[in-house]
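The structure appears below as structure tokens.
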Amino acid sequence: MSEITNGVQQDASRLKKVKSILVTQAAPTDAKSPYFEIERKYHVKVDFRPFIEVQGIAYKEFRKQKIEILAHSAIIFTSRNAIDHFFRICKEAKIEVPADMKYFCITEQTANYLQKYIVIRKRKVFTGTRTALDLLEIIKKHKTEKFLFPCSNKRQKDLPDYMGTNDFQLTEAVMYETVSADLSDLENVFYDIIAFYSPSGITSLFLNFPDFKQNNTRIAAFGPTTAQAAIDAGLIIDVQAPMPSAPSMTGALELYIKQVNK
């Protein structure tokens, strides 16, 4: 693969004009999303289609993990899905989460989502800034807590692996599953760029289309694990984020479009 500079593949033969982008996530609910700004500013079509789906694990299946939720003093949340399914399991188990439970959330947005289930101002809530590693800096100050980590069957390894090798008391609780979505209706639909946010999205692409050929389709990948999954699948990465000059996927895409749509 040629060198990627500022998040953009520098192989001249692949620097082709962009007219359409498929984002492998649900459409943003915020009308001011940068994706809509890219669509308006550069006159490109941007479609959204989740490549993965989240399904809650039945309570009877959760019980097989033999996890005592109330034996923990702190909960780590890295997504809204984790929050939804944690409180779903608690409701089905008829568990009332104590008021002194501590909550550690990966971002402020995730913490704000807790308001759906609890009154935040009456609880101890700690927030990171963007990544699991940011959150770890806060967790390090609470090493005596017994942490519960609600997660999916396919979770990022950095946070639990670090805590597991540094003598934290951490229990991983699988409460939901990430499965590939049915994309059969896209079989004869082609986009100039497909933007991926997770390794699961790459897996879903090839589960749905085992004979997928990249050809002139540009691949955008967010995060090192997504990029590695794309490379392992034999794909060429044309747009990569985060980069110093493009900390977001939309920023990296805009740099690419500016370069090729002159």
Side-chain angles (χ1 to χ4, degrees), residues 1 4 7-9 14 16-31 33-39 42-58 61 78-82 84-85 151-157 174-242 248-254 256-257 260:
M1 185 178 70
I4 288 183
V8 177
Q9 166 73 263
R14 297 190 59 78
K16 301 177 183 296
K17 187 173 182 179
V18 173
K19 295 182 180 179
S20 60
I21 300 171
L22 177 62
V23 180
T24 60
Q25 290 187 326
T29 55
D30 184 358
S33 167
Y35 275 116
F36 299 139
E37 180 64 15
I38 286 175
E39 193 171 39
Y42 298 99
H43 306 289
V44 298
K45 178 185 178 183
V46 181
D47 288 341
F48 301 88
R49 177 66 177 274
F51 272 36
I52 57 176
E53 297 176 349
V54 172
Q55 298 177 353
I57 288 177
E61 292 299 316
T78 56
S79 71
R80 292 184 177 187
N81 284 322
D84 284 336
H85 291 289
C151 59
S152 78
N153 58 327
K154 298 175 182 177
R155 49 82 170 161
Q156 295 292 335
K157 297 180 179 180
V174 176
M175 295 184 172
Y176 55 101
E177 295 180 325
T178 302
V179 298
S180 296
D182 179 3
L183 307 174
S184 56
D185 59 307
L186 294 179
E187 184 172 6
N188 296 310
V189 180
F190 302 95
Y191 290 87
D192 294 318
I193 295 178
I194 305 178
F196 291 93
Y197 277 83
S198 71
S200 298
I202 303 291
T203 300
S204 179
L205 173 69
F206 285 96
L207 279 175
N208 278 275
F209 311 111
D211 299 322
F212 175 79
K213 299 292 188 296
Q214 184 174 355
N215 299 323
N216 289 323
T217 299
R218 269 62 48 86
I219 298 296
F222 187 86
T225 57
T226 305
Q228 191 59 54
I231 293 169
D232 292 345
L235 299 174
I236 298 170
I237 300 174
D238 300 276
V239 182
Q240 191 168 349
S248 66
M249 175 67 89
T250 49
L253 287 170
E254 184 165 11
Y256 183 87
I257 293 169
V260 300

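Because only heavy atoms are used, hydrogens play no part in the values below, and waters and symmetry mates are left out as well, while side chains stay in.
- Taking the side chain as every heavy atom from C-beta outward, Leu183 and Ser204 approach each other to under 4.5 Å.
- Every residue two or more places apart in sequence or in another chain was checked for a salt bridge (charged side-chain N to carboxylate O under 4.0 Å, His left out) with Asp211, and none qualifies.
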Legend entry - side chain to side chain contact (heavy atoms under 4.5 Å, CB included) between Ile202 and Asp232, worked out: CA-CA 10 Å; Ile202 303 291; Asp232 292 345; over 6 Å; no
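- Side chains of Tyr191 and Asp47: a donor-acceptor N/O pair is present below 3.5 angstrom, by distance only.
- In terms of modelled atom types and a separation under 3.5 Å, the side chain of Gln25 and the main chain of Tyr197 share no donor-acceptor contact.
- In this structure, the side chains of Val54 and His85 come closer than 4.5 Å at one or more pairs of heavy atoms.
- Residues Phe51 and Leu22 have side chains in contact (heavy-atom distance under 4.5 Å, counting atoms from C-beta outward).
- Under the 3.5 Å distance criterion, the side-chain polar atoms of Gln214 are left unmatched by any main-chain donor or acceptor of Leu235.
- The distance from atom OH of Tyr256 to atom CD1 of Ile193, rounded to the nearest 0.5 Å, is 6.0 Å.
- Between atom CD of residue Glu187 and atom CZ of residue Phe212 there is a gap of 12.5 Å, rounded to the nearest 0.5 Å.
- Looking only at side-chain heavy atoms (C-beta outward), Tyr42 and Val18 stay at 4.5 Å or farther from each other.
- Scanning all heavy atoms of the two residues, the minimum distance from Ala181 to Pro50 falls at CB-O, 3.6 Å.
- With values rounded to the nearest 0.5 angstrom, Leu253 atom CG is found 11.0 Å from Phe222 atom CZ.
- Sequence neighbours left out, the pairs with a member in residues 192-201 that pass salt bridge (charged side-chain N to carboxylate O under 4.0 Å, His left out) are Asp192-Arg218.
- Just one of Asp238, Thr217, Asn216 meets the side-chain hydrogen bond (donor to acceptor under 3.5 Å, both in side chains) condition when paired with Arg14; it is Asp238.
- Side-chain atoms of Arg49 and Val189, non-hydrogen and from C-beta on, never get closer than 4.5 Å to each other.
- Using cut-offs of 30° and 60° for the angle between ring planes, the Phe48 and Tyr35 rings count as perpendicular.
- Counting only heavy atoms from C-beta outward, the side chains of Asn215 and Phe190 never approach each other to under 4.5 Å.
- Leu205 CG to Thr24 OG1: the interatomic distance, rounded to the nearest 0.5 Å, is 9.5 Å.
- A pairwise comparison of heavy atoms in Ser184 and Asn208 identifies N-OD1, 4.0 Å as the closest pair.
- Atom CD of residue Glu39 and atom CD1 of residue Ile21 lie 8.5 Å apart, to the nearest 0.5 angstrom.
- A donor-acceptor pair is defined here as one N or O able to donate and one able to accept, closer than 3.5 Å; no such pair exists between the side chain of Asn153 and the backbone of Val174.
- Distance OG1/Thr226 to CD/Gln240: 9.5 Å, rounded to 0.5 Å.
- Contact check for Ile236 versus Ile219: no side-chain heavy atoms found under the 4.5 Å cut-off.
- A pairwise comparison of heavy atoms in Ser248 and Ala241 identifies O-CB, 3.6 Å as the closest pair.
- Between Ile52 and Gly201, the closest heavy-atom pair is CG2-N, 4.0 Å.
- Taking each heavy atom of Leu207 and Ser180 in turn, the nearest pair found is CD1-OG, 3.2 Å.
- Nearest heavy-atom pair, Ile38 versus Thr250, reported as atom, atom and distance to 0.1 Å: CD1-O, 3.5 Å.
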